[in-house]
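As the structure is a computational prediction, the values presented were derived from the model and not from experiment. Count residues from 1 along the sequence.
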Amino acid sequence: MRPVPLPTAVRPNQPLAGLTSWKVGGRAEYLAQPTSVDQLANVVQWAVTMGLRIHLIGAGSNLLVSDEGVQGLCLCLRRLQGVRLDPTTGFIESYAGEPLPTLACKAARAGLKGLEWLAGIPGTVGGAVAMNAGCQGSCLAEWLVDGELLDPATGRSWRLRKQDMAFGYRHSLLQEMAAAGTPGVVTSVRLCASPGHDPQSLLHTIKANLGRRHRTQPCRLPSGGSVFRNPLPMKAGQLIDVLGLKGQRRGDAEISTMHANFIVNRGQAQARHIQALIHLIQDSVMREKSIALQTEIKRLGRFDDVNQSSPSPVG
């Protein structure tokens with residue numbers, strides 16, 4: 001069999017810690033950060049030909065990477081950016097790597113209302129679709145029209161309508177596809193916001209939302225965002241707080257004293273330290289409250305309690 005040339009966008013043995021908001025984790029066997037859909041398709045086709053598993057990374061804001069690193073291709077889409085807006089109709093087309101705060105501000109400046117809450121989520125558009133990201137009573141599914149996906153097996157693109165994405169609380173069909181080993185790579189999405197609003201008023205709302213976030217969440221330390229899904233109607237942070245777990249540490253990883261559903265890196269934390277705190281919280285809540293907390297964050301690579309990396313939609 002003839003060797004397959006390495007695409008120019010692919011680099012072997014690359015560190016991943018700098019691509020995650022927790023700033024922890026080992027190296028990727030291969031890493032690619034494509035800047036165009038054509039380059040992305042070329043990289044994906046190469047990975048399929050090589051028989052490599054593909055792991056999707058966006059902003060890395062809900063991602064815990066193993067200290068041992070990750071086998072296969074880590075595909076980081078944060079350089080696949082760009083937004084087109086129509087201030088008259090409210091339609092927005094965005095590439096998957098567009099940062100959510102940037103999208104929120106661009107929409108606000110165009111007088112498009114409805115996405116102001118996105119400014120407080122440090123993720124990308126692709127990850128927000130895969131996770132059906134939400135806060136302040138809103139979620140992305142409410143504003144989505146459809147998404148364009150790339151099929152790794154064929155290199156072809158197709159559109160998946162909102163009604164076909166099986167959206168739920170922090171869930172979408174994309175997660176099921178990834179778990180089944182047939183991930184569809186989101187390349188772009190179309191949204192529809194409410195047109196004709198005062199940009200300054202919308203930007204003021206964004207500023208107020210960000211101020212509230214900085215007052216209630218540990219934004220000055222590396223973290224992975226909310227660690228656990230809320231066991232509705234209860235809040236995960238409140239459950240953890242009631243059990244007196246704030247401030248618990250393993251190495252330099254700490255359950256935040258500001259918000260109990262955050263685990264922060266106070267310096268030189270490792271993924272195993274964060275994982276130990278996750279287990280501590282889950283065991284404590286199950287023992288005291290008989291509630292099984294499910295993680296909102298995704299894991300990549302090998303951990304002591306799992307043999308395979310968790311499927312990871314773009315974060």
Side-chain angles (χ1 to χ4, degrees), residues 35-37 40 58-59 61-62 77-150 157-174 184-217 219 225-226 313-315:
T35 58
S36 70
V37 175
L40 168 63
S61 55
N62 69 333
L77 301 185
R78 64 175 60 184
R79 294 181 181 175
L80 192 63
Q81 297 184 14
V83 176
R84 289 197 294 269
L85 308 98
D86 188 332
T88 302
T89 64
F91 276 96
I92 301 170
E93 186 166 7
S94 171
Y95 281 114
E98 185 73 16
L100 296 174
T102 305
L103 174 61
C105 290
K106 288 179 179 178
R109 292 190 186 103
L112 303 183
K113 183 178 180 179
L115 303 181
E116 299 87 278
W117 57 277
L118 286 175
I121 301 179
T124 59
V125 169
V129 173
M131 294 296 296
N132 191 19
C135 68
Q136 300 177 10
S138 294
C139 65
L140 197 74
E142 298 174 19
W143 307 97
L144 187 74
V145 176
D146 58 25
E148 186 170 74
L149 279 70
L150 178 71
S157 295
W158 83 99
R159 285 201 174 272
L160 193 62
R161 298 177 303 170
K162 167 185 174 176
Q163 54 266 42
D164 297 324
M165 286 197 185
F167 280 121
Y169 175 66
R170 303 297 180 266
H171 177 81
S172 76
L173 177 66
L174 299 175
V185 182
V186 178
T187 58
S188 65
V189 303
R190 292 193 296 185
L191 307 159
C192 189
S194 175
H197 296 270
D198 176 39
Q200 291 306 313
S201 176
L202 298 178
L203 290 169
H204 178 76
T205 299
I206 287 176
K207 183 177 180 180
N209 289 344
L210 290 176
R212 187 181 308 111
R213 176 174 177 262
H214 280 81
R215 289 191 301 271
T216 59
Q217 297 178 10
C219 300
S226 296
V314 183

When you measure from the side chain of [X] to the backbone of [Y], do you find a donor-acceptor pair of N or O atoms at a distance under 3.5 Å?
X    : Y    : value
S194 : G114 : no
K113 : A108 : no
R79  : T35  : no
R170 : G134 : yes
H214 : L210 : yes
E116 : L202 : no
S94  : V83  : no

Side chain to side chain, [X] and [Y], heavy atoms closer than 4.5 Å:
X    : Y    : answer
C219 : R213 : yes
L173 : D164 : no
E148 : V189 : no
H197 : S201 : no

Hey, are R190 and E93 close enough for a salt bridge, meaning a charged N less than 4.0 Å from a carboxylate O? no

Salt bridge present between R159 and D146 (N-O < 4.0 angstrom): yes

L112 vs K106, side-chain contact (heavy atoms from CB on, under 4.5 Å): CA-CA, chis, key distance, verdict: CA-CA 9 Å; L112 303 183; K106 288 179 179 178; over 6 Å; no

Measure across [X] and [Y] and return the closest heavy-atom pair with its distance rounded to 0.1 Å.
X    : Y    : answer
Y95  : V37  : CE2-CG2, 3.9 Å
G168 : N132 : O-ND2, 2.7 Å
W117 : A133 : CH2-O, 3.5 Å
P195 : G90  : CB-N, 4.0 Å
V186 : G126 : CG1-CA, 4.3 Å
Q81  : G97  : CG-O, 3.5 Å

When rounded to the nearest 0.5 angstrom, what is the spacing between [atom1] in [X] and [atom2] in [Y]?
X    : Y    : atom1 : atom2 : answer
C139 : H171 : SG    : NE2   : 13.0 Å
L150 : W158 : CG    : CH2   : 7.5 Å
E98  : L118 : CD    : CG    : 11.0 Å
C135 : L100 : SG    : CG    : 9.5 Å
L115 : L103 : CG    : CG    : 5.5 Å
T124 : I121 : OG1   : CD1   : 11.0 Å

Hey, mind stepping through V145 and L191 against side-chain contact (heavy atoms from CB on, under 4.5 Å) and telling me if it holds? CA-CA 5 Å; V145 176; L191 307 159; 5.7 Å; no

side-chain contact (heavy atoms from CB on, under 4.5 Å) for V185 and L40? Distances and angles first, verdict last. CA-CA 9 Å; V185 182; L40 168 63; 4.0 Å; yes

Apply side-chain contact (heavy atoms from CB on, under 4.5 Å) to residues V129 and F167 and explain how you reach the verdict. CA-CA 9 Å; V129 173; F167 280 121; 4.3 Å; yes

